[in-house]
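See structure below.
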Amino acid sequence: MAENILKINSVSKSYKDVLALDKVSIDIEKGRIYGFIGQNGAGKTTLMSMITGLSYPTEGTIEIFGRNEPKELEKSRKKMGTMIEKVSMYPNLTVKQNLEFYKILKGISDENAVENTLRMVELSELGNKKFKNLSLGMKQRLGIAAALLGNPEILILDEPVNGLDPIGILEVREILLNLNKEYGTTILISSHILSELYMLATDYIIIHEGKIVDSLTLEQLSNQCKKHITIQAEGVNDAKNVLEKQLNISDYLVLEDNKIRLFDDSYSRKDFARIFYDNKIVLTELSYSDESLESYFINAIGGINHEEIASNRVS
Amino acid sequence: MKRLLRIEFLKLQHSKGFRVLLFLSALLGFFATIASTGSGEGIVITGYDTFYKQFGDLKSLIFVFLGVFSGIFIGEDFSNRIIQSEISSGYSRFAILLSKSLMYMIGIFMIIASELLVATIGTTVLNGFGPVITLNIVSIMIRSYLIYSFIMSGISMICIMIAFLIKNKGSIIAINMLLLLIIDGVLQFLSSKLPLGLQMYDKTPFYQVLLTTSPSIMIVDLVRGILVGMITLVIFFSITHIIFLRSELK
């Protein structure tokens, strides 16, 4: 059985009258990469801040490595690498000095840890440059380097690729995938670049208005995002019979609500309508879909608020 | 805790703001030296006189330095998200507060020392030390410096408390600079107008900080001064700890 190294148990957070998180429960399994998806203000940073100890839940508990007492949580956080919102660095210190600071903070004894990490994020040549003189992208890389220092068991990264150019994004992805592969590092990462998360994560958690609206694995998402036809019929077993015996289709899924998702594109919607009609099976739904993570996310949060987009454009 | 102290020490070492304060403090010592040469005819201000005169002359300026230093040393740690990183790295808020307070106080000890040293050595070079330098005189001078700095550290906990409450560098500096001067001013005013005011002022570190620096102080007064400093320190440290524990950091 997979080990849950981070458990969020029915956590709520309210600021005066505003409910930022509403009974959020998440289980994070060791060795997996979780893409945390949500709009601005959905509650991603609030939750990540609570995991890292910067703020407290109003209700519920957070368990890291099976510990949930405040003192024990502090100990557990020593195995975490984090980057929440902005990069935490001394502006007047150099890149190297800043990482030396983190090396001491994390109690890393490896003399080469700073050099190795700088090499990993390709900042070796900028070791003597002051943090304040770095570009936004370089600052982000250094923030990621600080989080990676000492090979933490869990990485909590809030929008880590913000400000990075496409090559930078690609490099960060490679680094995170390597860490996950080589050391089994568990990663919880939020990003606005959904295509990036699609290429990186093994699991997805979608949060909207403080509630978890969906959580699924890459496999489940791939199935959702594959070109497919969804059928809902009166009598799911009869429908399955028709598919298997008359159409020789085996690549399908029966969903929880008795809908059938077909991934075989050798028949058109018209063909399906006809054959079910011929077999006296009443179809209540017959739809075609070619979803991306983006459209899946938009569907999961209940669609786009066009008025909001329009008002954002005006402002 | 050891790691946090090491980090705070490195921070102090690299802090430009702290170096500027040290320089300004030394500059004040230099001005005190210059001032000692312009005294009236027949009056010679010696190094020994200057040393004890500085405690009173310095008081208000040290309050200003405490305010500026708290903004630089603690306010910047909030704006640079260093405190947030320390929490995320698994350090308790108590350990973070303690390490910052200790290193802040060491900084204050150094700022006070740089002024006293420059003023005392400078004046001694120009006008001589005054009494014969004995181990006893030197140890009493060191005692005065240590107690003055310790009670100032007690007062500085008020600045640390404001810093952990406000978290914004500019506001911390402005509020702390004014706050200490206002508290001291009000207490002095009340003490000159009301007998109760004098009794109150007598029990505060703002008064004790000057009383305990006298070379001829009685042991009872010395102990009382240290106790007042210690109580101030403990009370404001505890309040700051509660504030910090309840803080939600962004």
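First the proteins, then the strands, lettered A, B, ... as listed; each starts at 1.
Atoms CG and CZ, on A:Leu54 and B:Arg81 in that order, are 6.5 Å from each other to the nearest 0.5 Å. Note that NE2 of B:His14 and OG1 of A:Thr94 are 7.5 Å apart. Values are rounded to the nearest 0.5 Å. Considering CZ of B:Arg6 and CD1 of A:Ile104, their distance stands at 4.0 Å, rounded to 0.5 Å. Atoms CD and CD1, on B:Gln84 and A:Ile84 in that order, are 10.5 Å from each other to the nearest 0.5 Å.
Atom NZ of B:Lys53 has 12 or fewer heavy atoms from other residues, nucleotides or ligands within 6.0 Å. The 12-atom threshold is not exceeded at NZ of A:Lys211, counting heavy atoms of other residues, nucleotides or ligands nearer than 6.0 Å. More than 12 heavy atoms of other residues, nucleotides or ligands shown are found within 6.0 angstrom of NZ on A:Lys79. A 6.0 Å sphere centred on CZ of B:Phe9 holds no more than 12 heavy atoms belonging to other residues, nucleotides or ligands. Other residues, nucleotides and ligands contribute only 12 or fewer heavy atoms inside 6.0 Å of the CD atom of A:Glu125.
Residue contact with chain B, scored on non-hydrogen atoms closer than 4.5 Å, involves the backbone and the side chain of A:Leu105 alike. For chain B, no part of A:Leu73 is nearby; none of its heavy atoms comes within less than 4.5 Å. With a threshold of 4.5 angstrom between heavy atoms, A:Gln97 approaches chain B through side-chain atoms but not through N, CA, C or O. Residue B:Ser15 does not touch chain A at all, counting heavy-atom pairs closer than 4.5 Å. Heavy atoms of B:Leu4 lying under 4.5 Å from chain A belong exclusively to its side chain. For B:Lys11, the part sitting under 4.5 Å from any heavy atom of chain A is the side chain, from C-beta outward, and nothing else. When heavy atoms are compared at a cutoff of 4.5 Å, A:Lys103 does not approach chain B at all. Residue contact with chain A, scored on non-hydrogen atoms closer than 4.5 Å, involves the backbone and the side chain of B:Glu86 alike.
Between the side chain of A:Tyr56 and the main chain of B:Arg246, no donor-acceptor pair closer than 3.5 Å is present. In this structure, the side chain of A:Tyr90 does not engage the main chain of B:Ile82 through any donor-acceptor pair within 3.5 Å.
Residues A:Lys78 and B:Gly90 come closest through the heavy atom pair NZ-O, 3.3 Å.
Looking at B:Tyr91 and A:Arg77, their side chains never come closer than 4.5 Å, going by heavy atoms from C-beta outward.
Residues B:Ser85 and A:Tyr102 have side chains that bring a donor and an acceptor to within less than 3.5 angstrom of each other.
Between chain A and the options B:Ile87, B:Asn80, B:Leu249, B:Leu10, the largest number of non-hydrogen pairs under 4.5 Å is found for B:Asn80. The candidate from A:Ala146, A:Pro91, A:Ser49 with the greatest count of non-hydrogen atom pairs under 4.5 Å with chain B is A:Pro91. Taking A:Gly81, A:Pro70, A:Ser88 one by one and counting their heavy-atom pairs under 4.5 Å with chain B, the maximum is reached by A:Ser88.
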